[in-house]
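Beneath this line is the structure, given in structure tokens, with notes to follow.
Here the structure is a predicted model, which is why all the values come from computation and not from measurement. We're numbering straight along the sequence, starting at 1.
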Amino acid sequence: MTRTEAVRTEPVRTETASARALEAEAEPGAVRIGISLSDFVPARGQMDEALYRRVSYVEYGGHHPPAKDRGVRRLLDEGIVRNLSRHLVSVELPDVLDIEDEARRIAENHAGTSPRYMVTDFGFWRLGGRDERNLWFRPALLSREVAARIARNVEGLSRELGTPVHAENPFSLTHAGELSPAAFMRELAERGATLCFDIGHFYAACVNEGADVWRELEQVPFEAIRVAHIAGLSRVGYSGRPLLLDNHNVPPLTGCLDVLRIVKEQSPGLGWVTYEAELAPTQVQHRGLDAIESVMA
């Protein structure tokens, strides 16, 4: 099955007004809390109705077109959740994109649904094709040239789709280029890109590289953040080196919740906070939402 994603029933649009209107609907200051959702798998018990009634939206990051996924369809058709957002999984923001062609693929894939926003990591998602068998994530080079390309792609896709597309900092154990992850995000913001700030990715990158989380956080362009992701991190050891891994199956660390509190206070355009927990048991998902709700109250 294809991983080319897309977004709505009406034809692809070219004006920017609709994108700005959707951004405005996020009502910064009245931040919505949502949860991630992957492909429907009955054996995982992911359709706990009580869990999804706690959130304002789901952010779908699965392989299927959203309208064809049983989980997404049930949540929307039965009114369990009102809003859908989309984590794209094959769009490669650092690449030289044919914007019109990429937008067409996205729109076709999302026919029958209307995501409120889309995000994708600024990395490379595939090798040799768009099928899920071609998944092979690689981080982007953190350079000014790549930042310019990503900013152009984000602006172009948002314009063509009429839906905000935000660039997300990816998880990576290492990076190359003249910029740090935080400086790279600032370069993106200065070029007009809006951001999905993944707190777990950021926190793990700082700890794994031996950087000071709070000093690096001072460089983050809070004014560009529209969406925040937060997930559980697990501590592991590799070749005698302690690492944090972003594995989405445990509640958020206290340190990540502290970062979320700062993001909430300093991001005037923040409209959405997604708890990424699609790999977690239901009871863990509830615990994570409890913690996030406490921070956002």
Review point. Given the rule in the side-chain contact (heavy atoms from CB on, under 4.5 Å) test, do V213 and V207 qualify, once you have shown the distances and angles that lead to the verdict?
Key: CA-CA 7 Å; V213 173; V207 172; 4.3 Å; yes

Point to revise | Candidates N109, T163, V165 - the one meeting side-chain contact (heavy atoms from CB on, under 4.5 Å) with R86 | key: N109

Distance (rounded to the nearest 0.5 Å) between [X] [atom1] and [Y] [atom2]:
X: L270; Y: M296; atom1: CG; atom2: CE; result: 5.5 Å
X: L97; Y: R105; atom1: CG; atom2: CZ; result: 10.5 Å
X: H64; Y: R70; atom1: NE2; atom2: CZ; result: 10.0 Å
X: E276; Y: I230; atom1: CD; atom2: CD1; result: 10.0 Å
X: M185; Y: I150; atom1: CE; atom2: CD1; result: 11.5 Å
X: L51; Y: Q285; atom1: CG; atom2: CD; result: 5.0 Å

Tell me the closest heavy-atom pair linking [X] and [Y], and the distance in Å.
X: H201; Y: D198; answer: N-OD1, 2.8 Å
X: S143; Y: L179; answer: C-CD1, 4.0 Å
X: A140; Y: F122; answer: CB-O, 3.1 Å
X: R149; Y: D95; answer: CD-O, 3.3 Å
X: A147; Y: L188; answer: O-CD2, 3.4 Å
X: N169; Y: C196; answer: OD1-O, 3.3 Å

Exercise for review: Would you please classify the geometry between the Y117 ring and the W272 ring as parallel, tilted or perpendicular, with 30° and 60° separating the classes?
Suggested key: tilted

Between the side chains of [Y] and [X], is the shortest nitrogen-to-carboxylate-oxygen separation below 4.0 Å, so that they form an ion pair?
X: D290; Y: R287; answer: no
X: E187; Y: R191; answer: yes
X: R186; Y: E223; answer: yes
X: E265; Y: R261; answer: no

Show every donor-acceptor pair shorter than 3.5 Å between a side-chain atom in residues 72-83 and any protein atom, with sequence neighbours excluded, or say none if there are none.
unit_1 : atom_1 : unit_2 : atom_2 : d
R73    : NE     : D77    : OD1    : 3.3
R73    : NE     : D77    : OD2    : 3.2
R73    : NH2    : D77    : OD1    : 2.9
R74    : NE     : E78    : OE1    : 3.4
R74    : NH2    : E49    : OE1    : 3.1
N83    : OD1    : R116   : NH1    : 2.8

Are there more than 12 heavy atoms of other residues, nucleotides or ligands under 6.0 Å from atom [atom1] of [X]?
X: E209; atom1: CD; value: yes
X: E100; atom1: CD; value: no
X: R235; atom1: CZ; value: no
X: K68; atom1: NZ; value: no

Give a yes or no answer on whether the side chain of [X] reaches the backbone of [Y] with a donor-acceptor pair at less than 3.5 Å.
X: N208; Y: L244; result: yes
X: K264; Y: A297; result: yes
X: N153; Y: P94; result: no
X: T274; Y: G34; result: no
X: D69; Y: F40; result: yes
X: R54; Y: I33; result: no
X: H248; Y: L279; result: no
X: D246; Y: G200; result: no

Any side-chain heavy atom of [X] within less than 4.5 Å of one from [Y]?
X: V89; Y: T120; answer: no
X: Y60; Y: P115; answer: no
X: T194; Y: P164; answer: no
X: R104; Y: D101; answer: yes

Review point. F202 and V220: side-chain contact (heavy atoms from CB on, under 4.5 Å), yes or no, with the steps?
Key: CA-CA 10 Å; F202 174 82; V220 171; 3.9 Å; yes

Review point. Is there a path from V250 to F171 through hydrophobic residues (I, L, V, M, F, W, Y) whose side chains come within less than 4.5 Å of each other?
Key: no

Study note, to complete from the structure: Quick note, ring pair (Phe, Tyr, Trp, His ring centres under 6.0 Å) partners involving residues 218-239, not counting sequence neighbours, are H87-H229

Check your understanding: Are a donor atom and an acceptor atom from the side chains of D48 and H286 found within less than 3.5 Å of each other?
Key -> yes

Point to revise | N247 versus S234, side-chain donor and acceptor atoms under 3.5 Å | key: yes

Practice item. Let me see the working for L257 and I199 under side-chain contact (heavy atoms from CB on, under 4.5 Å), right down to the final yes or no. Key: CA-CA 9 Å; L257 293 167; I199 292 169; over 6 Å; no

Practice item. Take V259 and I262 through the side-chain contact (heavy atoms from CB on, under 4.5 Å) test and state the conclusion after the steps. Key: CA-CA 5 Å; V259 173; I262 293 173; 5.6 Å; no

